[in-house]
A.B. asks: 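I am attaching a structure below and will ask some questions about it afterwards.
Whatever order the structure lists them in is the order used to number ligands and atoms, beginning at 1.
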Amino acid sequence: MNIVKICKDAKRIGIGGHIRPDGDCVGSCLGLSLYLKKVFPEKEVKVFLEKPSDHFSCIKGFKDIVILGRAVREEPDFDVFFAVDCGSERLGDAERLFKQAKVTVNIDHHISNAGGTGTCNYIDPEASSASELVYELIEEDMLDADIAAALYMGIAHDTGVFRYSCTSPKTMQAAAKLISFGFDFPGLIEETFYEKTYVQNQIMGRALLESMMIMNGRCIVSYIDRKTMEFYKVTGADLEGIVSQLKLTKGVECAVFMYEIRSLQYKVSLRSSEKVDVAKVAELFGGGGHKRAAGCTMNGTFHDVINNLSVHMEEQLEEAGA
Ligand code: 5GP
Ligand code: MN
């Protein structure tokens, strides 16, 4: 796919990523927009996202992101619209802009979006991150420190800083090239990935303290309810990293973390080590993701949700002979 060719005749280019934007979503959308603005300084290039965490404010272009809401509903049509790190159904309010654009491009690495939702699709479920795919699509001689920092951040976040099995030799080669542009890469990862506010650490502590082991210690589960979130004045974005911390527990194959988004409704995060395909489990409940990291929204009490999920995780473990 040649994105320069696709955008050549466009006047207005839009870019959107998934709701609840994470590091890869922000990095890939901003990396792509910085690149397109550099190649086509005369064109209008706009990024649309649900409000991302301020942790990412060090990435160039962050302050120009159009936050989903009323402004988006009044936005005129685009000549080209990119859905990055998701299919069009997870663009939130920007889905309309995608659907009404003359040309639609989908760049994604989610196995649950293997077919793609654009007129042009660049989908690779083997890729570590959408940022790695954007890196593959852009011309190397146009790279600079700002674009490199955005894409490096995305790759580092979706690979858990190059630890998860989605990390490939290609991922490392991309990262090696990107750090050659000389931005402060250890500082960037410290600031956007590891650093937590005091309340973020406190609420993670609560989730760990109240976690439970189920399925004979092969699965760990925990949740945070609305009341606790209101007490600590946190949003869902402040709870990132809890599920990965749970999964580090020795002997655990799956980790489930969920937080209440409204009464009897939870946003669920699933992680697995090597046997359970959590994307398959999430898809059963209308969600999706990757083999080792996926999510969905589920209704019921915490116990209902755990009962519904654990049946499928156990089934997969039994099939795997574990
Ligand atoms: P997280 O648990 O960090 O929110 O998400 C893990 C992975 O699953 C991410 O790649 C995320 O994009 C994907 N994911 C999370 N929730 C959903 C969902 O409701 N639907 C789909 N299709 N993917 C999701
Ligand atoms: Mn991603």
A.B. asks: Is it the case that K38 places NZ or CZ above or below the six-membered ring of Y35, under 6.0 angstrom from the centre and within 45 degrees of the axis?
C.D. replies: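 Not flagged: K38 not positioned over aromatic ring of Y35.
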A.B. asks: Any carboxylate oxygen within less than 4.0 angstrom of a Lys/Arg side-chain nitrogen, looking at E136 and K170?
C.D. replies: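 Looking at E136 and K170, the cut-off is met.
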A.B. asks: Tell me, please: is K267 in heavy-atom contact with ligand 1, that is, under 4.0 Å?
C.D. replies: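 Yes; K267 lies near enough to ligand 1 that a heavy-atom distance drops under 4.0 Å.
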A.B. asks: With a sphere of 6.0 Å drawn around OH of Y194, does it hold more than 12 non-hydrogen atoms of other residues, nucleotides or ligands?
C.D. replies: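 Check passes, neighbour count above 12.
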A.B. asks: What distance separates Y122 OH from M1 CE, expressed to the nearest 0.5 Å?
C.D. replies: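 It is 7.5 Å, given to the nearest 0.5 Å.
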A.B. asks: For the Mn ion (ligand 2), find the closest N/O/S atom on D158 and give its atom name.
C.D. replies: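 For D158, the N/O/S atom sitting closest to the Mn ion (ligand 2) is OD2.
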A.B. asks: Answer yes or no: are there more than 12 heavy-atom neighbours, outside F231 itself, under 6.0 Å from its atom CZ?
C.D. replies: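 12 or below, so no.
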A.B. asks: Just which atoms of ligand 1 are under 4.0 Å from any heavy atom in G289?
C.D. replies: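 It comes down to these atoms of ligand 1: 8 (O), 13 (C), 23 (N).
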A.B. asks: Side chain or backbone, does L270 bring an N or O within less than 3.5 Å of an N or O on ligand 1?
C.D. replies: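 No, there is no polar N/O contact under 3.5 Å.
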A.B. asks: Where the closest heavy atom to atom 11 (C) of ligand 1 is concerned, which of H110, E283, M298 has it?
C.D. replies: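 Closest candidate by heavy-atom distance is H110.
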A.B. asks: Using a 4.0 Å cutoff against the non-hydrogen atoms of G287, which atoms of ligand 1 qualify?
C.D. replies: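 Once the distances to G287 are compared, the set is 18 (C), 19 (O), 20 (N), 21 (C), 22 (N).
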A.B. asks: Please state which part of R20 comes within less than 4.0 Å of ligand 1, counting heavy atoms only: side chain, backbone, both or neither.
C.D. replies: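 The answer is neither.
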A.B. asks: To the nearest 0.5 Å, what is the distance between CG (L309) and SG (C219)?
C.D. replies: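 One finds 8.5 Å between CG of L309 and SG of C219.
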A.B. asks: With Y223, which of F302, Y259, F257 fulfils ring pair (Phe, Tyr, Trp, His ring centres under 6.0 Å)?
C.D. replies: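 The residue from F302, Y259, F257 that satisfies ring pair (Phe, Tyr, Trp, His ring centres under 6.0 Å) with Y223 turns out to be F302.
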A.B. asks: Among protein heavy atoms, which lies nearest atom 18 (C) of ligand 1, and at what distance?
C.D. replies: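 Among all protein heavy atoms, the one nearest atom 18 (C) of ligand 1 is G295 O, 3.4 Å.
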A.B. asks: Indicate, with yes or no, if the rings of F98 and F82 have centres closer together than 6.0 Å.
C.D. replies: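 Distance test on ring centres: not under 6.0 Å, no.
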A.B. asks: For A293, counting its heavy atoms only, list the atoms of ligand 1 lying under 4.0 Å from any of them.
C.D. replies: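 By the 4.0 Å cutoff, the relevant atoms are 6 (C), 7 (C), 8 (O).
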A.B. asks: Looking at atom 21 (C) of ligand 1, what's its closest protein heavy atom, distance included?
C.D. replies: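 Ranked first by proximity to atom 21 (C) of ligand 1 is G288 N, 3.2 Å.
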A.B. asks: Only heavy atoms of S269, strictly under 4.0 Å: list the atoms of ligand 1 that pass.
C.D. replies: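 Under 4.0 Å from S269, ligand 1 has these atoms: 1 (P), 2 (O), 4 (O).
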A.B. asks: Ignoring hydrogens, just give me the one of C296, P21, A294 whose non-hydrogen atom is nearest atom 8 (O) of ligand 1.
C.D. replies: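 Checking each option, the heavy atom nearest atom 8 (O) of ligand 1 is found in A294.
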A.B. asks: Can you name the atoms of ligand 1, numbered from 1 with element, that are less than 4.0 Å from a heavy atom of H290?
C.D. replies: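 That gives atoms 10 (O) of ligand 1.
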A.B. asks: Among Y135, F183, F193, which residue meets the ring pair (Phe, Tyr, Trp, His ring centres under 6.0 Å) test with Y152?
C.D. replies: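 So the option named by the test is F183.
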A.B. asks: At a non-hydrogen distance cut-off of under 4.0 Å, which region of R271 contacts ligand 1 (side chain, backbone, both, or neither)?
C.D. replies: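 It is the side chain that gets close, since no backbone atom is under 4.0 Å.
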A.B. asks: For N/O/S atoms only: which one belongs to D24 and is nearest the Mn ion (ligand 2)?
C.D. replies: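 This turns out to be OD2.
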A.B. asks: Assess D108: does it contribute an N, O or S atom lying under 2.8 Å from the Mn ion (ligand 2)?
C.D. replies: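 It does not; every qualifying atom lies at 2.8 Å or beyond.
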A.B. asks: Assess whether atom NZ of K267 is packed by more than 12 heavy atoms of other residues, nucleotides or ligands within 6.0 Å.
C.D. replies: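 Yes.
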A.B. asks: Angle at the Mn ion (ligand 2), NE2 of H109 to OD1 of D85, rounded to 10 degrees, please.
C.D. replies: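 Approximately 80° at the metal, rounded to tens of degrees.
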A.B. asks: Any chance you could measure L151, atom CG, to F181, atom CZ, to the nearest 0.5 Å?
C.D. replies: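 Going from CG on L151 over to CZ on F181, the span is 10.0 Å.
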